[in-house]
J.: 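Dropping the structure in here first, questions after.
Below, all heavy atoms of this structure are taken into account, side chains as well, without hydrogens, waters or symmetry copies. So you know, we letter chains A, B, ... as the sequences are listed, proteins then strands, and number each from 1. Because the structure is a prediction, the values reported are computed rather than measured.
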Number of protein chains: 2
Amino acid sequence: MRWDTLEDEQCSLARTVAVIGDRWSLLVLRECFLRVRRFEEFQSRLSITRHLLADRLKKFVKFGVLRKVKYQDRPARYEYILTQRGLDLYPIVMSIVHWGDTHMVDERGRPLLHQHKNCGNFFDPVMICSECGEPLSAKQVHTHPGPGAPQSPAASEA
Amino acid sequence: MRWDTLEDEQCSLARTVAVIGDRWSLLVLRECFLRVRRFEEFQSRLSITRHLLADRLKKFVKFGVLRKVKYQDRPARYEYILTQRGLDLYPIVMSIVHWGDTHMVDERGRPLLHQHKNCGNFFDPVMICSECGEPLSAKQVHTHPGPGAPQSPAASEA
DNA sequence: ATTGACAGTTCTTTTTTAGAACGATATCGT
DNA sequence: ACGATATCGTTCTAAAAAAGAACTGTCAAT
């Protein structure tokens, strides 16, 4: 599949996948949320090839997930900082981490614990319905074509 | 990056990414949540090559995300059904869709609307803290090494 | 003058994917 | 009986992407 075919699809999942849907993008993103900002630091922490790292960073900037901020002149050096759009990816990252914590840990347990500054507790992320506040599960959701739907696909459950 | 190096990493994100972290895996998963179950139906809806589809389905079965259920004998035919472990991927899929709905829609609006059977309303998914119930954002979370942490990485914010 | 940090780019080899065709098995229509 | 169709893959070759290592350019520090 070529990179650029996905973002034109009439599906929000496909369009997001065009931005973050590959191994390295998600790992780079993880580092961003761990406050990593510079080329060399990404590279040494991830052992990603420099070519791919340059590529992913460029893509994130293009899609407005990261922005380049100059931190010195002569030579001009930039840091890659999460934009609001990038910060909004946090639920994706957290839900991925949480699934791994639940289903892929070995006998030693979780590699990372998360503490909520608000309440001070260690927590898990929970996804709820914005309207009634109940936890969401796939079986309790109906989907309907929206205004941006292709032609008129039948409504289905998911 | 080779497929099999990721799942051994000491990071829940990396291990989950080993399972779902590529374009086709996520698109196949989307179809699963839309009740698609058979090889031919995946293939014709996604225009994925048959080779890759066979590959991804096999991987999902290996990781316990899908299970093969025989729906006829002679010839033996199987459907691919989400397991509980697969259903647990729903928050990941929903958060990906929601980011796309928020940041990648065109002027026509969302392609799909989601209705919660519980309350009957159209909703957005919201990620909250399991302990205090407040919505989560990256800046309000501290991370600490857990029991399964590699050596002893410094605690950091994210 | 030499070394090192930083942010990439260029090059060749290896791996993965695309795209099309083929196989196996069984049912259906005539 | 016979060919067409359905289903679930596998095999093949060409094209695309990634790996891995080396290289470039700029400047600072010693």
J.: Angle class for the A/F33/A/Y90 ring planes (parallel below 30°, perpendicular above 60°, tilted otherwise)?
T.: tilted
J.: Centroid separation under 6.0 Å, is that true for the rings of B/H103 and A/F63?
T.: no
J.: Separation of A/R23 atom CZ from D/dA18 atom C1', in whole Å?
T.: 12 Å
J.: Roughly how many Å is it from CG in A/L46 to P in D/dA18, rounded to a whole number?
T.: 15 Å
J.: Are any of B/R56's side-chain N or O atoms less than 4.0 Å away from OP1 or OP2 of C/dT17?
T.: yes
J.: Tell me the interatomic distance from A/Y78, atom OH, to C/dC6, atom C1', rounded to whole angstroms.
T.: 13 Å
J.: Describe, in one word, how the ring planes of B/F42 and B/Y80 are oriented to each other, choosing from parallel (under 30°), tilted (30 to 60°) and perpendicular (over 60°).
T.: perpendicular
J.: Tell me: CD of B/Q43 to P of D/dG9, nearest whole Å?
T.: 12 Å
J.: All N/O contacts under 3.5 Å from nucleotides 20-26 of chain C to the protein, with atom names and distances to one decimal?
T.:
residue : atom : partner : partner atom : Å
C/dA26  : O3'  : B/R74   : O            : 2.9

J.: Take atom CH2 of A/W24 and atom P of D/dA18, then tell me their distance rounded to the nearest Å.
T.: 11 Å
J.: Could you check how far CG of A/L52 sits from C1' of C/dT9, rounded to whole Å?
T.: 13 Å
J.: Tell me whether A/T83 contacts the main-chain N or O of A/V65 through its side chain, where contact means a donor paired with an acceptor under 3.5 Å.
T.: yes
J.: In whole angstrom, what separates B/K70's NZ from D/dG9's P?
T.: 13 Å
J.: So A/Y71, base contact, sugar-phosphate only, or nothing? Heavy-atom distance under 4.0 Å.
T.: sugar-phosphate
J.: Can you list everything that forms a side-chain contact (heavy atoms from CB on, under 4.5 Å) with B/K62? Sequence neighbours excluded, please.
T.: B/E7
J.: Have a look at B/Y80 and say if it touches a base, only the backbone sugar-phosphate, or nothing, with a 4.0 Å heavy-atom cut-off.
T.: sugar-phosphate
J.: So, does B/Q115 use its side chain to make a donor-acceptor pair with the main chain of B/G120 at under 3.5 Å?
T.: yes
